[in-house]
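Numbers restart at 1 for each chain; the letters A, B, ... are given by sequence-line order, proteins then strands.
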There are 2 protein chains.
Amino acid sequence: MGNQKLFKGSLQTIILKLLNENDKMYGYEITQKVKELTKGELKITEGALYPALHKLEADGLLYVEVAKVGNRLRKYYKLTENGTKETVNKLAEMQEFLKTMQHLVNPKFSLE
Amino acid sequence: MGNQKLFKGSLQTIILKLLNENDKMYGYEITQKVKELTKGELKITEGALYPALHKLEADGLLYVEVAKVGNRLRKYYKLTENGTKETVNKLAEMQEFLKTMQHLVNPKFSLE
DNA sequence: AAATATACATAATTTTCTTATGCATAAAAA
DNA sequence: TTTTTATGCATAAGAAAATTATGTATATTT
């Protein structure tokens, strides 16, 4: 409870950013990576993650490579060419938003 | 189109922050102030603003003072005592989120 | 006279989460 | 050895918070 720190709209960008850095990742790995990178502050829930991955795939930004590890199934996601382009856009947009918001709530510590 | 830069979940905090700085404001004034402060980058739509104000009021964080200016109605909003407390919390949460997100998407320019 | 700005509001719809649930294998702990 | 936790996928119901589209009305500018 009380862990909705993940502002709506940022999940797609986070996924794209991670895939841009790590070449290929599977869902569970993404949740762990985010937890690790944010020291537990951001927790991606499965109910948010998987639909987001499916949407990004449907939009042609990701594609899947299924792998069998041991006896278990893994779906590795990679950026498509278009996905790489969109990552640049989304990251720029996110930076802009962060800067704007930072300026709005705390003008003294602007990022500029 | 393409102007959904306002990440969902940040509107309440923005409203509270502005009221904390300006003592009393009315709806239209808030939309203009945000536009001004962000140089047109964030545009608060009325369909988002008014329901948000009503919710904050219902939650006891704001109260209203109706004023008649010329022949027109204005509803000035002010922070309640509880609203002031919540503003502190929400701003801290926002700072935390911005820092985390900044760190996530661009570790090199961390705010710390 | 017409268009734009000021000022409020709500309804329908969409997006994007949370929470709950389900299935299944692997590893660790009791 | 049994139970819990971790790994790994997925979807459905519901809630939250926007967007978009309207609606009403006055004031100002073109």
Side-chain angles (χ1 to χ4, degrees), chain A residues 1-16 24-36 40-59 61-62 64-77 90 93-94 97 101, chain B residues 1-16 24-36 40-59 61-62 64-77 90 93-94 97 101:
Chain A
M1 220 164 295
N3 190 59
Q4 54 3 344
K5 285 190 180 179
L6 179 61
F7 276 39
K8 296 188 179 182
S10 52
L11 180 55
Q12 278 202 7
T13 307
I14 292 172
I15 293 171
L16 293 174
K24 68 171 184 177
M25 296 183 87
Y26 55 100
Y28 187 75
E29 191 183 8
I30 291 174
T31 67
Q32 300 310 299
K33 195 72 181 173
V34 170
K35 209 192 285 180
E36 176 202 325
E41 284 202 64
L42 247 54
K43 281 170 191 164
I44 307 294
T45 62
E46 295 159 300
L49 178 69
Y50 291 112
L53 287 171
H54 300 160
K55 187 175 191 313
L56 288 169
E57 191 192 353
D59 291 345
L61 305 185
L62 305 182
V64 188
E65 272 173 14
V66 179
K68 209 171 179 186
V69 177
N71 222 330
R72 244 185 338 221
L73 178 88
R74 266 187 205 168
K75 292 175 87 171
Y76 280 100
Y77 287 90
K90 293 252 191 198
E93 202 181 286
M94 172 71 85
F97 169 75
M101 202 54 95
Chain B
M1 219 165 296
N3 190 60
Q4 56 2 347
K5 286 189 176 180
L6 178 61
F7 276 39
K8 296 184 181 186
S10 53
L11 180 56
Q12 278 202 8
T13 308
I14 292 172
I15 293 171
L16 293 174
K24 69 172 184 179
M25 295 183 87
Y26 56 100
Y28 186 76
E29 190 184 6
I30 291 174
T31 67
Q32 300 308 300
K33 194 73 182 175
V34 169
K35 209 193 284 178
E36 177 202 324
E41 285 203 62
L42 246 56
K43 280 171 191 163
I44 309 294
T45 62
E46 295 158 299
L49 177 68
Y50 291 111
L53 286 172
H54 299 160
K55 187 175 191 312
L56 288 169
E57 190 192 355
D59 290 346
L61 305 186
L62 305 184
V64 189
E65 272 173 14
V66 180
K68 211 171 178 184
V69 176
N71 223 330
R72 235 171 4 206
L73 178 89
R74 264 186 207 169
K75 291 175 86 173
Y76 280 101
Y77 287 91
K90 293 256 190 194
E93 203 180 284
M94 172 70 85
F97 168 75
M101 202 55 92

Visitor: Measuring to OP1 and OP2 of C:dC8, would you say a side-chain N or O of B:H54 lies under 4.0 angstrom away?
Guide: no
Visitor: Quick one, A:I15 and A:I44 - any side-chain contact, counting heavy atoms below 4.5 Å?
Guide: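 No. Closest side-chain heavy atoms not under 4.5 Å.
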Visitor: Without decimals, in angstroms, what is the distance between B:L53 CG and D:dA18 C1'?
Guide: 15 Å
Visitor: From CG of B:L56 over to P of D:dA16, roughly how many Å is that when rounded to an integer?
Guide: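 It is 14 Å, rounded to the nearest whole Å.
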Visitor: Separation of B:Y76 atom OH from C:dA7 atom C1', in whole Å?
Guide: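 Computing the B:Y76:OH to C:dA7:C1' distance gives 11 Å.
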Visitor: Calculate the interatomic distance between B:E29 atom CD and C:dC8 atom C1'; express it in whole Å.
Guide: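 From B:E29 CD to C:dC8 C1': 15 Å.
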Visitor: Do A:D59 and A:K55 come within less than 4.5 Å of each other through their side chains, counting heavy atoms only?
Guide: yes
Visitor: Are B:Y77 and B:L53 side-chain neighbours, meaning at least one heavy-atom pair lies under 4.5 Å?
Guide: yes
Visitor: As an exercise, state the distance from CG of B:L62 to CG of B:L56, rounded to the nearest 0.5 Å.
Guide: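 Spacing of CG (B:L62) from CG (B:L56) equals 4.5 Å.
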Visitor: Measure from NZ on B:K43 to C1' on D:dA18 and round the result to the nearest Å.
Guide: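 Taking NZ of B:K43 and C1' of D:dA18, I get 17 Å after rounding.
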Visitor: Expressed as a whole number of angstroms, how long is the span from B:K68:NZ to D:dA27:P?
Guide: 10 Å
Visitor: Less than 4.5 Å apart, side chain to side chain, heavy atoms only: is that true for B:M101 and A:I14?
Guide: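 Yes, their side chains come closer than 4.5 Å.
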Visitor: Roughly how many Å is it from CZ in B:F97 to C1' in C:dC17, rounded to a whole number?
Guide: 13 Å
Visitor: Got a list of protein N/O to nucleotides 22-26 of chain C N/O distances below 3.5 Å?
Guide:
residue, atom, partner, partner atom, Å
C:dT25, O2, A:R72, NH1, 2.3
C:dA26, O4', A:R72, NH1, 3.3

Visitor: Would you mind classifying the nucleic acid contact of A:G47 as base, sugar-phosphate or nothing, using non-hydrogen atoms under 4.0 angstrom?
Guide: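 Base contact.
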Visitor: More 5' along DNA chain C: B:Y26 or A:L49, using each one's nearest nucleotide?
Guide: B:Y26
Visitor: Below 4.5 Å, heavy atoms only, C-beta onward: do A:E57 and A:V64 meet side chain to side chain?
Guide: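 Touching, per the 4.5 Å side-chain cut-off.
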Visitor: Atom CG of B:L73 to atom P of D:dA25: distance rounded to whole Å?
Guide: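 Rounded to whole Å, this separation is 14 Å.
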Visitor: Please determine whether a side-chain nitrogen or oxygen atom of A:K8 lies at a distance below 4.0 Å from atom OP1 or OP2 of C:dT18.
Guide: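 Checking C:dT18 against A:K8, no side-chain N or O comes under 4.0 Å of OP1 or OP2.
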Visitor: State which residues pass side-chain hydrogen bond (donor to acceptor under 3.5 Å, both in side chains) with B:Y26; sequence neighbours excluded, sorted by chain then number.
Guide: B:R74
